[in-house]
Amino acid sequence: MDEHTQNYKINKDVAFGFLKLIDVEKLRDSVADVWFNQTLCEVNGCVVRLGVVKGDFHWHRHVDEDEFFYVVSGKLFIDYENETVELGPNQGFTVPRNVVHRTRAPERTAMLMIEGSGVEPTGDA
């Protein structure tokens with residue numbers, strides 16, 4: 001684990017197979033970690049991940065994959081290319097492949113992320 005990822009709890013194993021109920025609120029409420037990421041399910045070669053976070057993630061990029069963020073609760077900032085977008089509940093944003101970005105959550109925030117199943121959650125570079 002490098003200095004960027006030592007404080008992140010990231011579970012890449014798929015937690016729910018097909019035809020299984022996923023209770024996002026129950027999962028969110030059970031998280032005690034400051035920065036938590038769980039792969040929920042796989043859909044057509046992509047994964048849906050739940051992030052429950054507070055604080056700043058490091059700057060990174062995904063060379064070959066786009067990344068979609070959808071805020072369930074809280075507030076999320078996405079910094080990229082000298083710009084910042086602010087997302088609240090029920091808002092989403094897509095970061096295209098190869099764009100250096102980071103996420104920041106000033107308060108406890110739950111989000112869903114959709115990306116290719118081969119994506120390394122901590123980035124390629």
Side-chain angles (χ1 to χ4, degrees):
M1 208 174 282
D2 68 31
E3 65 183 271
H4 294 299
T5 62
Q6 62 188 355
N7 296 319
Y8 309 148
K9 182 173 184 180
I10 297 175
N11 303 302
K12 295 193 296 184
D13 292 336
V14 175
F16 299 90
F18 292 105
L19 304 174
K20 299 294 181 189
L21 175 69
I22 303 170
D23 188 333
V24 172
E25 183 177 22
K26 183 177 179 182
L27 286 168
R28 177 196 64 199
D29 292 349
S30 72
V31 172
D33 300 283
V34 175
W35 200 281
F36 175 85
N37 184 316
Q38 173 65 60
T39 300
L40 300 177
C41 62
E42 260 187 302
V43 181
N44 297 321
C46 294
V47 291
V48 179
R49 294 189 166 111
L50 170 66
V52 180
V53 301
K54 182 177 180 185
D56 299 356
F57 203 66
H58 65 277
W59 287 95
H60 66 284
R61 65 186 172 126
H62 307 284
V63 174
D64 297 318
E65 303 281 352
D66 307 321
E67 186 172 24
F68 175 74
F69 298 89
Y70 179 85
V71 174
V72 175
S73 63
K75 183 186 299 186
L76 183 71
F77 293 96
I78 302 174
D79 300 318
Y80 66 99
E81 298 180 344
N82 299 316
E83 294 190 43
T84 299
V85 63
E86 179 182 339
L87 302 176
N90 304 314
Q91 293 183 317
F93 189 78
T94 304
V95 176
R97 66 193 72 200
N98 213 29
V99 170
V100 176
H101 63 284
R102 72 170 178 175
T103 54
R104 297 181 288 121
E107 60 192 55
R108 190 170 191 263
T109 298
M111 63 182 158
L112 297 175
M113 295 157 284
I114 301 172
E115 53 204 9
S117 61
V119 161
E120 183 60 43
T122 55
D124 298 325

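As a basis for the values below, the full set of heavy atoms in this structure was taken, side chains included, without hydrogen atoms, waters or symmetry mates.
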Side chains of L27 and Q38: closer than 4.5 Å at any heavy-atom pair?
no

Using the ring pair (Phe, Tyr, Trp, His ring centres under 6.0 Å) criterion, which residues pair with Y80? Sequence neighbours excluded.
F93

Residues in side chain to side chain donor-acceptor pair (under 3.5 Å) with E115, at least two apart?
R49

Which pair of heavy atoms, one from E42 and one from S117, lies closest together, and at what distance?
OE2-CB, 3.7 Å

Please report the closest heavy-atom contact between D56 and R102, naming both atoms and the distance.
OD2-NH1, 3.9 Å

Taking the side chain as every heavy atom from C-beta outward, state whether L50 and L112 have any pair of such atoms under 4.5 Å apart.
yes

Would you say V48 and L76 are hydrophobically clustered, going by side-chain heavy atoms of ILVMFWY under 4.5 Å?
no

Should V43 and I114 count as side-chain neighbours, where that means a heavy-atom distance under 4.5 Å?
no

So N90 and Y70, do their side chains get closer than 4.5 Å, heavy atoms only?
yes

Spacing of CD belonging to E120 relative to CD1 belonging to I10, to within rounding of 0.5 Å:
7.5 Å

Which pairs with one or both residues in residues 67-77 pass salt bridge (charged side-chain N to carboxylate O under 4.0 Å, His left out), sequence neighbours excluded?
K75-E86

Verify same cluster id: V119, V63 (apolar side-chain graph, 4.5 Å):
no

Which ILVMFWY residues are connected to F77, directly or by a chain of links, through side-chain heavy atoms under 4.5 Å apart?
none

For residues V99 and R61, report the shortest heavy-atom separation together with the two atoms involved.
O-CB, 3.7 Å

Does M113 reach the side chain of N37, with side-chain heavy atoms less than 4.5 Å apart?
yes

Atom CG in L19, atom SG in C41: separation rounded to 0.5 Å?
11.5 Å

Between G92 and L87, what is the shortest heavy-atom contact and its length?
O-CD2, 3.9 Å

Pairwise side-chain contact, V53 with T103, heavy-atom cut-off 4.5 Å (strictly under)
no

Check ring pair (Phe, Tyr, Trp, His ring centres under 6.0 Å) between F36 and all other residues, then give those that pass, not counting sequence neighbours.
none

Under a 4.5 Å side-chain heavy-atom rule over Ile, Leu, Val, Met, Phe, Trp and Tyr, are V52 and V71 clustered together?
no

Side-chain heavy atoms under 4.5 angstrom apart, residues restricted to Ile, Leu, Val, Met, Phe, Trp, Tyr: same cluster for L40 and F69?
no

Excluding sequence neighbours, so at least two apart, what forms side chain to side chain donor-acceptor pair (under 3.5 Å) with T84?
D79

To check you understand the geometry: which heavy-atom pair defines the closest contact between P106 and K54, and what is its length?
O-CE, 3.8 Å

Same cluster for V31 and V24 if Ile/Leu/Val/Met/Phe/Trp/Tyr side chains link at under 4.5 Å?
yes

Verify, without hydrogens or angle tests, whether T39 (side chain) and A15 (backbone) share a donor-acceptor contact under 3.5 angstrom.
no

Relative to each other, are the rings of H58 and Y8 parallel, tilted or perpendicular (30° and 60° limits)?
parallel

Taking atom CZ of R97 and atom NE2 of H62, what is their separation to the nearest 0.5 Å?
12.0 Å

What are the two closest non-hydrogen atoms of S73 and P89, and how far apart are they?
CA-CG, 4.2 Å

